[in-house]
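Scroll down for the structure; my scribbles are underneath it.
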Amino acid sequence: MKIAFILLAIVGLVAVSAYPHKMDTKYADKDFLAKQKFLFEIVYRVEDPLMFEEYIRLGKTFTYVEDDYMFPAHHSEYMKKFYNAFKYGVTLPKGEYFGSLAYTHFEQMYGLFEFFYYAKNWEVFQRNVCWARMHFNEGMFVQALTLAVIHRDDFEGLMLPAIYEIFPQYFFNSKFIYEAEKFDYDVWSKYIMYEKEYKDFMYKDYSKYFKEFDNYYYFYTKDFKMWQWWKLMGMGEHWYSEDHFMMRDNMYMFNKDSKYLDMIKDVKMFYMPVDYTRDVYFFNKESEISYFTEDVEWNSFWYYFNMDYFPFLDGKQFGLKKDRRGEYYFFVVRQMLARYYMERLSHGYGEIPEFSFFTEVEYGYDPQLINYNGVGYSYRKNYYEYETYGNFDYMYYIINFFTRVEEIITQGYFKTHDGKMIDMRKPESIEYLGDMMQGNVDNYDKYFATFWYMYAHMYFAHIDDSEFYVHPHVMLNYETMMRDPMFYMIYKKITDVFFEFYEYIEPYTHKELYFPGVVIEDVKVSDLVTYFDLYDFDVTNLMNDKMTFVDGQFVWDKMLMGRQMRLNHKDFDFEYTIKSDKDQKVVVRAFLGPKYDEHGRMISLKDNRENFVEMDAFYYELKSGVNTFKRSTKDFFWNTDDRTTYTELYKFIMMAYEGKYEFPLDHFEPHCGFPDRLLLPRGWEKGMPMQFFFFVYPYTGSYDLNSSNYNYSCAIGSGARHIDEKPFGYPFDREIDEFEFFVPNMFFKDVKIYYEDTFEKYYGFKYDKFGMFDYGYYYNY
């Protein structure tokens, strides 16, 4: 049973009846549904003027009265500065690019966030949100609102649409965004009518027609990428009507539910193929893995992690210190880099390149993104020199920061401004180092480290801390920065600092790792198979037609979707065989790591520990004797399935609000969960050698694993998000002494990851319904 320390969210609606409910299932009341309805409507087409009359009236009632806010809001420097900026008309205007890591933008966003977070009740909060929606920059508004919804204790269970549904511009290329923003239903209807007449003529005897030009067709299509599936099916890059079903990994559950089908039947659905960025101006090999670096959910995971542990949230006030935010920051960054490295290996690429200010960045990057104001993003050419074009003051600030941190690690202690001595030879001091490297407000030298991280990103984006009107750049927002291959080079430099810290920490001894009486006898792993499937992302927020209201009620009758190829894997499971000499409580951890480097050389465990990704960690009660049990990917601790779309969620909420459906609160699609489908790297058709590592040790945690609160929240700030108090990544957190490391309660398993090309059948022009989408593909994969 999955230990749900992660946000359930309401998304459980998926389950109208597709999921069985427990006897003690909790359902949303009318008050909760009204709040959720408001949150969904207030961010609908957020770039357009607010169209809901009741919210406009509410926003106009705003007045600033200190009694409307909880302590210590009326002492807030950011809040007061923001209100003064509003009075004098110098807030970031609507339509301008918002960069979360541009200092001037951050200051205003944080002031607005405090207007939301410190509101003493829902009524004040709602009024402030309506006021902000009417007056302030869209990007600033959404980030401030996201932070408030995540971190207010009294908003447990409430959610916003996924960030890629609020701002599709940050996740899909400009060509697709332009097409979505000019979509017009009447024009589309006429276009389809004309196209049908053309196709009926063109493809009446297409097999004979193309037989004459078979060689031409072959040469034209042989260079298509598998994620350009629409070309292999002979489809154009325009809008199509979706009259069957949305493409989603778990769509079969919805299609079995009569209530869901009845609810969605009047929604006109349209999809358009959308590709990943291609470096069409300067080719380089990094674009081969753009399907991974530009994966929508990969990037949104990083965004939500940084919203959960936003650097400028006080750790004590928001409970983040209880979550060991500094250590957790290192763990997450390390996991992301290790996962990226495995994807590189599947393409034959080696280590992540080192970044240096004084050498060229070999691989350029053009994100081909466009901001909601129509301005395109900056790009970097191949062999770019930051030393030549960068801000020298910022460059030396960053260099001096790393130099000072390395000195602290080497010296083994640090003396804070208040005279406190911190011993940097203790494993738990990783928390202090993590705070410092994230640049959060909990770091022990606020005068030195708090803003280094922001300055670093401003340096790479070519702006300074006084600029207000900023050109769009991927490095200025959490949801876009992981698209650029250089992100991984920079963050590798950050993790190197942590690994240097561990060079001074003693490795675990055999005695510390050994679990007397427990032996992992075997772990059977089912077949590991990856493939590319199709998914429909909800981009309805890009629509530009008139909003319709009937008797004051908003009518949501159209849905735009971006249909994109994405990496996935078939479900797999572990079958554990563990022998125990008595009944006892344990924790089982499972890791995936590479076996060989890009040259086929085996990587030593000492060097390889940095490359292992923790897939699962769970509590289990062993019985005396031999214990055999299975653990499926669907049970994994960190993972989450596909999210229900914005449109569907709104429909579910409205159905429940009107009393036609009971809205369950015990199903979750956590914003903080890692996408299940990205567990495995792509692999090879003949099998890519990898290895699993399994470890069992005594459970010594003090958490209540059965607390119902975990069903409704990511438990951020609770101190109980994790299975126990062991270091993150244990036992791979420290360096490894191979003479001491191996114990019977560990188990290594060699495996291979096989890649299946699900679109191979279309390469040779064998598709009978050329020019149409193949729904047989959905049923087959």
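Throughout, residue positions are numbered sequentially from 1 according to the sequence presented.
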> Does R324 make a cation-pi contact with F728, if we ask for NZ or CZ under 6.0 Å from the ring centre and within 45° of the axis?
Replying inline: yes
> Could you go step by step and tell me if I520 and M746 meet the side chain to side chain contact (heavy atoms under 4.5 Å, CB included) rule?
Replying inline: CA-CA 6 Å; I520 304 180; M746 292 178 180; 5.6 Å; no
> If you measure from the Lys or Arg side-chain nitrogens to the Asp or Glu carboxylate oxygens, is any gap between D597 and R601 under 4.0 Å?
Replying inline: yes
> Sub-3.5 Å donor-acceptor pair from the side chain of H722 to the main-chain atoms of P727, do we have one?
Replying inline: no
> About how many Å separate CE of M482 and CD of E294, when rounded to the nearest 0.5 Å?
Replying inline: 11.5 Å
>> For the aromatic rings, using the six-membered ring if either is Trp, is the centroid distance between Y384 and Y386 under 6.0 Å?
In response: yes
> Any sub-3.5 Å donor-acceptor pair from S287's side-chain atoms to S290's backbone N or O?
Replying inline: no
>> Less than 4.0 angstrom from a charged side-chain N to a carboxylate O is my criterion; do E614 and R589 meet it?
In response: yes
>> ring-ring contact (aromatic ring centres under 6.0 Å, His included) for Y303 and Y164? Distances and angles first, verdict last.
In response: CA-CA 10 Å; Y303 169 81; Y164 50 80; over 10 Å; no
>> Pair F515, Y697 - check ring-ring contact (aromatic ring centres under 6.0 Å, His included), show working.
In response: CA-CA 6 Å; F515 188 0; Y697 61 91; 8.1 Å; no
> Taking D724 for the side chain and Y699 for the main chain, is one N or O donor matched with an acceptor at less than 3.5 Å?
Replying inline: no
>> So that I know where these two stand, are Y478 and Y170 an aromatic pair - ring centroids less than 6.0 Å apart?
In response: no
> Is the side chain of E327 donor-acceptor paired with the backbone N or O of E431 at a distance under 3.5 Å, no angle test?
Replying inline: no
> Got a donor-acceptor contact below 3.5 angstrom from the D676 side chain to the D641 backbone?
Replying inline: no
>> How about OH on Y413, more than 12 heavy atoms from neighbouring residues, nucleotides or ligands closer than 6.0 Å, or not?
In response: no
> Looking at CD1 of I422 and OH of Y444, how far apart are the two atoms once the value is rounded to the nearest 0.5 Å?
Replying inline: 5.5 Å
> Would Y340 and Y491 count as a close aromatic pair, with their ring centres under 6.0 Å?
Replying inline: no
> Of all heavy-atom pairs between Y535 and R643, which one has the smallest distance, and what is that distance?
Replying inline: OH-O, 3.2 Å
> CZ/F487 to CG/L337 distance, rounded to the nearest 0.5 angstrom?
Replying inline: 7.0 Å
> How far apart are the closest heavy atoms of P427 and R734, and which atoms are they?
Replying inline: CG-NH2, 3.5 Å
>> Assess whether a salt bridge exists between E286 and R344, defined as any Lys/Arg side-chain N lying under 4.0 Å from an Asp/Glu carboxylate O.
In response: yes
> If you look at every heavy atom in I409 and F501, which pair is closest and at what distance?
Replying inline: CG2-CA, 3.8 Å
> Crowded around K752 NZ? As in, over 12 foreign heavy atoms under 6.0 Å?
Replying inline: no
>> Could you go through F532 and Y291, starting from their C-alpha distance and side-chain angles, then the distance that decides it, and tell me whether this counts as ring-ring contact (aromatic ring centres under 6.0 Å, His included)?
In response: CA-CA 10 Å; F532 281 85; Y291 68 86; 5.2 Å; yes
> Checking T633 side chain against D571 main chain: does a donor-acceptor pair fall under 3.5 Å?
Replying inline: no
>> Can you tell whether the side chains of D750 and K595 come within less than 4.0 Å, N to carboxylate O?
In response: yes
>> With a 6.0 Å cut-off on the ring centroids, do F692 and F574 count as close?
In response: yes
> Any donor and acceptor pair, going by atom type alone, linking the side chain of W452 with main-chain N or O of I398 inside 3.5 Å?
Replying inline: no
> Are any of the side-chain nitrogens in D484 or R380 under 4.0 Å away from the carboxylate oxygens of its partner?
Replying inline: yes
> Closest heavy-atom contact between L680 and R339?
Replying inline: O-NH2, 2.8 Å
> Taking the six-membered ring of Y309, is NZ or CZ of R325 closer than 6.0 Å to its centre and within 45° of its axis?
Replying inline: no
>> Just to verify, which of Y394, Y397, F357 counts as forming a ring pair (Phe, Tyr, Trp, His ring centres under 6.0 Å) with Y459?
In response: F357
>> Check whether F732 forms a cation-pi arrangement with R609 (NZ or CZ under 6.0 Å from the six-membered ring centre, at most 45° off the ring normal).
In response: no
> Hey, are the side chains of P681 and L592 touching, using non-hydrogen atoms and a 4.5 Å cut-off?
Replying inline: yes
> Which of these passes side chain to side chain donor-acceptor pair (under 3.5 Å) with D295: R566, Q564, R677, R483?
Replying inline: R677
> Do Y432 side-chain atoms and M424 backbone N/O form a donor-acceptor pair below 3.5 Å?
Replying inline: no
>> How close do D423 and G412 get, counting heavy atoms only, and between which atoms?
In response: OD1-O, 3.5 Å
>> Test side chain to side chain contact (heavy atoms under 4.5 Å, CB included) on Y620 and R631; report intermediate values, then the result.
In response: CA-CA 11 Å; Y620 195 79; R631 181 81 170 173; over 6 Å; no
> Can you check whether M458 reaches L101 side chain to side chain, under 4.5 Å on heavy atoms?
Replying inline: no
> Centres of the F636 and F674 rings: under 6.0 Å?
Replying inline: no
> With a 4.0 Å cut-off, would you call E354 and K492 a salt bridge?
Replying inline: yes
> Hey, what do you get for CD (E506) to CZ (R425), rounding to the nearest 0.5 Å?
Replying inline: 11.0 Å
>> I'd like to know if K634 pairs up with D573 as an ion pair, taking the criterion as any Lys NZ or Arg NE/NH1/NH2 lying under 4.0 Å from an Asp or Glu carboxylate oxygen.
In response: no
> Between T577 and T628, which heavy-atom pair has the shortest distance, and what is it?
Replying inline: OG1-OG1, 3.9 Å
> Any side-chain heavy-atom pair from F401 and M437 closer than 4.5 angstrom?
Replying inline: yes
> In Å, rounded to the nearest 0.5 Å, how long is the span from CZ of F310 to CD1 of I716?
Replying inline: 14.0 Å
>> Side chains of W302 and V332, heavy atoms from C-beta outward: is any pair under 4.5 Å?
In response: yes
> What do the steps show when you test Y329 against D435 for side chain to side chain contact (heavy atoms under 4.5 Å, CB included), and what is the final call?
Replying inline: CA-CA 8 Å; Y329 172 76; D435 288 340; over 6 Å; no
>> A side-chain contact here means heavy atoms from C-beta on lying under 4.5 Å apart; do V405 and L433 qualify?
In response: yes
> Do the side chain of H473 and the main chain of M475 share a donor and acceptor less than 3.5 angstrom apart?
Replying inline: yes
> What do you reckon, is NZ of K285 surrounded by more than 12 foreign heavy atoms closer than 6.0 Å?
Replying inline: yes
> CZ of F612 to OH of Y341: how many Å apart, nearest 0.5 Å?
Replying inline: 11.5 Å
> Looking only at atom types and distance, does a side-chain atom of Q691 sit under 3.5 Å from a main-chain N or O of P594, one as donor and one as acceptor?
Replying inline: yes
> Does the side chain of E610 come within less than 4.5 Å of T495's, by heavy atoms?
Replying inline: no
> Among Y502, F739, F741, Y730, which residue meets the ring pair (Phe, Tyr, Trp, His ring centres under 6.0 Å) test with Y508?
Replying inline: Y730
>> Does F460 form a side chain to side chain contact (heavy atoms under 4.5 Å, CB included) with I490? I'd like the steps, not just the answer.
In response: CA-CA 10 Å; F460 293 116; I490 298 167; 3.5 Å; yes
